[in-house]
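Some notes on the structure that comes next.
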2 protein chains.
Amino acid sequence: MTAFKEHLSKHDIKPSVQRLKIYEYLHNSHNHPTADDIYRALAPSTPTLSKTTVYNTMKLFISNGVATVLNIEGNELRYDADTSTHGHFKCKGCGNVYDFRIARAPEFNGVEGFRIDKYEINLKGYCNVCKPKL
Amino acid sequence: MTAFKEHLSKHDIKPSVQRLKIYEYLHNSHNHPTADDIYRALAPSTPTLSKTTVYNTMKLFISNGVATVLNIEGNELRYDADTSTHGHFKCKGCGNVYDFRIARAPEFNGVEGFRIDKYEINLKGYCNVCKPKL
DNA sequence: TTGTTAATTTGTAATGATTACAAAATAGAA
DNA sequence: TTCTATTTTGTAATCATTACAAATTAACAA
């Protein structure tokens with residue numbers, strides 16, 4: 001995909017084979033994969049891939065603004081190629097992470113004068129597939 | 001503190017010596033300590049304390065509703081005795097975690113019919129002490 | 001092409017938080 | 001006291017992430 005190549009280049013990321021594959025996977029998968037998910041998904045078609053490369057690449061992607069990291073579960077980092085403002089819902093039943101739009105932004109009281117670089121809304125509960133099974 | 005004892009009892013937590021000390025520390029400290037912070041703060045006055053007890057106790061506190069867990073940083077869990085709705089701001093300069101009130105709640109689009117049990121707003125950036133030093 | 005240097009990727013070992021687990025200590029009831 | 005359930009403890013295991021140095025690849029001048 002030439003579009004992906006250009007997107008990475010535009011953000012000062014040299015589009016190596018590994019970086020392109022990782023970005024393509026991240027962009028096409030909407031399940032907010034962990035580094036391990038990415039590694040396991042790409043390893044068969046990229047036999048030499050190293051998990052360290054996945055971590056390195058994700059750090060690069062985040063600091064250059066083509067991905068974000070998701071702190072919704074304490075013991076794992078999840079990644080998202082959608083850098084627009086949106087929230088995440090993690091279902092305690094199936095474990096899926098759903099995106100949602102923020103229809104009305106919250107207002108804060110107590111961080112006046114602070115510089116806010118990142119803003120994350122995380123919900124947890126049961127999705128409408130799992131809720132009836134409780 | 002008898003008030004703490006009653007608070008724990010009311011939530012079906014037997015107020016053992018360890019649990020009381022941990023709850024008291026968590027309640028009085030407003031820095032959202034990690035399990036390790038709690039352990040290091042109490043170890044001198046509770047020589048037999050085990051870190052496993054801190055983890056066990058925090059799990060119990062959370063499932064019985066006297067504390068919440070904070071996923072603001074990927075590699076660590078932080079705890080909070082304030083179970084009311086509020087947000088957290090982590091400063092990338094000093095590392096402090098500040099509380100703030102949510103003056104106007106956000107509205108979501110895309111989780112209709114979901115059961116929402118927990119709702120977390122995390123901000124990151126620079127507080128007004130660290131911002132001028134950049 | 002070849003040679004040289006910088007950037008990228010890789011594998012292994014280390015780190016650090018959390019959990020599993022079983023033994024020891026303690027509390028509560030009979 | 002004695003018995004039993006609960007709580008606490010220490011150690012070992014797990015698992016995600018990072019550190020680091022060697023190997024590979026890319027860029028590019030000669």
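Quick note: numbers below take in every heavy atom, side chains included, and nothing from hydrogens, waters or symmetry partners. Remember, it's a predicted structure, so these values are computed and weren't measured experimentally.
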statement: With sequence neighbours left out, the residues meeting salt bridge (Lys or Arg N to Asp or Glu O under 4.0 Å) with Asp37(A) are Arg40(A)
statement: residues 56-66 of chain B vs salt bridge (Lys or Arg N to Asp or Glu O under 4.0 Å), sequence neighbours excluded, gives none
ILVMFWY network linking Val111(A) to Ile72(B), side-chain heavy atoms under 4.5 angstrom: no
query: Looking at residues at least two apart in the chain, or sitting in another chain, which of them share a salt bridge (Lys or Arg N to Asp or Glu O under 4.0 Å) with Glu107(B)?
result: Arg104(A)
- request: List for me each residue that meets side-chain contact (heavy atoms from CB on, under 4.5 Å) alongside Ser29(A), sequence neighbours excluded, and say none if there are none.
  value: Tyr25(A), Asn31(A), Pro33(A)
message: Measure CD/Gln18(A) against P/dT25(D) and give the value in whole Å, please.
response: 9 Å
statement: Between Asp36(B) and Val17(B), the residue closer to the 5' end of DNA chain C by nearest nucleotide is Asp36(B)
task: Walking along DNA chain C from 5' to 3', note the first and the last nucleotide with an atom under 4.0 Å from a heavy atom of chain A, and give both.
output: dA7(C) to dT12(C)
Rounded distance in Å - NZ (Lys14(A)) to P (dA26(D)): 11 Å
- prompt: Taking only residues at least two apart or on different chains, which pairs with a member in residues 50-85 of chain B satisfy ring pair (Phe, Tyr, Trp, His ring centres under 6.0 Å)?
  reply: Tyr23(B)-Phe61(B)
field: Within residues 71-81 of chain A, residues whose heavy atoms come under 4.0 Å of DNA chain D
entry: Asn75(A), Glu76(A), Leu77(A)
query: Given atom CG of Asp12(B) and atom C1' of dT7(D), what is their separation to the nearest angstrom?
result: 16 Å
message: Holding to side-chain contact (heavy atoms from CB on, under 4.5 Å), I want the full list of residues that pass it with Leu60(A), two or more places apart in sequence or in another chain.
response: Ile13(A), Arg19(A), Asn64(A)
- prompt: What side chain to side chain donor-acceptor pair (under 3.5 Å) pairs are there with at least one residue in residues 118-129 of chain B, not counting sequence neighbours?
  reply: none
Acceptor/donor pairs from residues 44-53 of chain B side chains to any protein atom, 3.5 angstrom cut, sequence neighbours excluded:
| from | atom 1 | to | atom 2 | distance (Å) |
| --- | --- | --- | --- | --- |
| Ser45(B) | OG | Leu42(B) | O | 3.3 |
| Thr46(B) | OG1 | Lys21(B) | NZ | 3.1 |
| Thr46(B) | OG1 | Leu42(B) | O | 3.0 |
| Ser50(B) | OG | Thr52(B) | N | 3.1 |
| Lys51(B) | NZ | Asp36(B) | OD1 | 2.5 |

statement: Expected list for residues 42-59 of chain A near DNA chain D, using heavy atoms below 4.0 Å, is Thr52(A), Tyr55(A), Lys59(A)
Could you tabulate the donor-acceptor pairs under 3.5 Å formed by side-chain atoms of residues 92-102 of chain A, not counting sequence neighbours?
| from | atom 1 | to | atom 2 | distance (Å) |
| --- | --- | --- | --- | --- |
| Lys92(A) | NZ | Asp117(B) | OD2 | 3.0 |
| Asp99(A) | OD1 | His32(A) | NE2 | 2.9 |
| Asp99(A) | OD1 | His86(A) | NE2 | 3.1 |
| Asp99(A) | OD1 | His88(A) | NE2 | 3.0 |
| Arg101(A) | NH1 | Ser84(A) | OG | 3.2 |
| Arg101(A) | NH1 | Thr85(A) | O | 3.3 |
| Arg101(A) | NH2 | Asp82(A) | OD2 | 3.2 |

